[in-house]
Protein chains: 2
Amino acid sequence: MRNLLLEIAYDGTNYHGWQVQRNAVTVQEVFQNAAQKLFCERPDVKGCSRTDSGVHANSYFLTLKTDSDIAVENVVTALNTYLPKDIAVLSCIDTDYEFHPRYNVKSKEYIYKIYNGKIRNPFFKNYAYHYKYPLDESYLREEAQTFVGTYDFKGFCSANSKVEDTVRTVYSFDVWREGDMVYFRVEADGFLYNMVRIMVGTLIFVNEGKIKKGELRDVILSADRKKAGKTAPPQGLYLNKVNY
Amino acid sequence: MRNLLLEIAYDGTNYHGWQVQRNAVTVQEVFQNAAQKLFCERPDVKGCSRTDSGVHANSYFLTLKTDSDIAVENVVTALNTYLPKDIAVLSCIDTDYEFHPRYNVKSKEYIYKIYNGKIRNPFFKNYAYHYKYPLDESYLREEAQTFVGTYDFKGFCSANSKVEDTVRTVYSFDVWREGDMVYFRVEADGFLYNMVRIMVGTLIFVNEGKIKKGELRDVILSADRKKAGKTAPPQGLYLNKVNY
């Protein structure tokens, strides 16, 4: 049996995240429907990550087990015909039978976009968070370096999460501006539920002086969700890169 | 009575164009609903152009007659509160009572976007036309200069149009590439129904050799819709600038 590794991209606006759930349309379900048409059976599909409702992916990996001998190029073409236009298959290769798209992840990178114009841009409604007060991206880049390292990020995790091990290693955190758009890019060995969105919400508190210069380290060490900022909204978040 | 001139931008994805019509949501209707909340009466709103279903506007002008003495800055802020997030008011000034946003137009500029990557980009589903075969933007820029001038553009007008005078003057036509995105920008004293979309569809015929080098002039002079290309889809089209 083959184990195909596919890279896809999707606009998460119309989906309740990746993972199949009752009474809601998810990327996994729609992908499985397309794959079923191609392979004439409902294949076993595993994803690299859950993503939340409205969250996007520039690069998302999944595996699909099949007995079919269809060429990988044809898998790409055929699935792109069956999939809706807000999901695209970018590539497909044969991989080891044992390869798991989630367990084998070495690190992941997310990007968060804040549109920082005074007046909202209608084209970014579903693609960035509109924050209209001045954002000091140089100061935020400096302060965000505090996140880099191995910490118990329990305070940067949704209260709904049941994960027990909340220690993660953040490898890098960059913040930069292109015109009115401010980008946050963070790479880590793994992320807790809502972790990037809470980090961005916390940097907004830093920008507003609610967390003062140098205080972010204490916020992290407190491991107290109430000391961190709000959870930034989903539409600004993009899974950008998965490293194996 | 005041005559306010407002500049707005909108993502046309969820609208059946600008103009009020029965059984369909339009930008004008939604705008009038918001204005009614602010002015406590349904104001007389005139737009600079009809746009089609799914067509966008980076800059669209409208006038609104009112007896209210509300300050122009407050009109902007209040309307942006009442409007949905895919429409934004960019500015508002007081103008002459006689000023008409359509009759006073000196020229308009449209941009058309073609996403020319081999595989579709899910984020451009509603924002560009996906054309996957190689586009030679330099050649198209050269050939597109044939459109510049005063011509009877009857062949570049939807058969459904009832306009009698089909002579228009095209001032400039530019074509350029940024990565996988190819941009078409055309400025004219006015546009016929579907004119830009048929021009772009015709340039695709030029790209494919269905219209050969130097033949475009004859296509224009024939004034025959059947000799021009297909009408390119609406989601790539943006009203970009209106000059008064």
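Computed from a predicted structure; not experimentally measured. Each chain gets a letter, A, B and so on, in the order its sequence line appears, and its residues count up from 1.
Distance CG/A:N80 to NZ/B:K132: 8.5 Å, rounded to 0.5 Å. Between B:N126 atom CG and A:D11 atom CG the span is 8.0 Å, to the nearest 0.5 Å.
Classification of the A:F123-B:Y238 ring pair by plane angle, with boundaries at 30° and 60°, yields tilted.
Contact of A:I119 with chain B is made through the side chain alone, with heavy-atom distances under 4.5 Å. Of the atoms belonging to A:V89, it is backbone heavy atoms, and not side-chain ones, that fall under 4.5 Å from chain B. Proximity to chain B is absent for every atom of A:I8, based on heavy atoms less than 4.5 angstrom apart. Residue A:F124 does not touch chain B at all, counting heavy-atom pairs closer than 4.5 Å.
The neighbour count for B:K65 NZ, taken as heavy atoms of other residues, nucleotides or ligands under 6.0 Å away, is above 12.
Heavy-atom pairs under 4.5 Å with chain A were tallied for B:K125, B:R120, B:K85; the largest tally goes to B:R120. Ranked by non-hydrogen atom pairs under 4.5 Å with chain B, the options A:T77, A:T13, A:V76, A:L83 are led by A:L83.
Taking each heavy atom of B:A9 and A:P122 in turn, the nearest pair found is O-CG, 3.4 Å.
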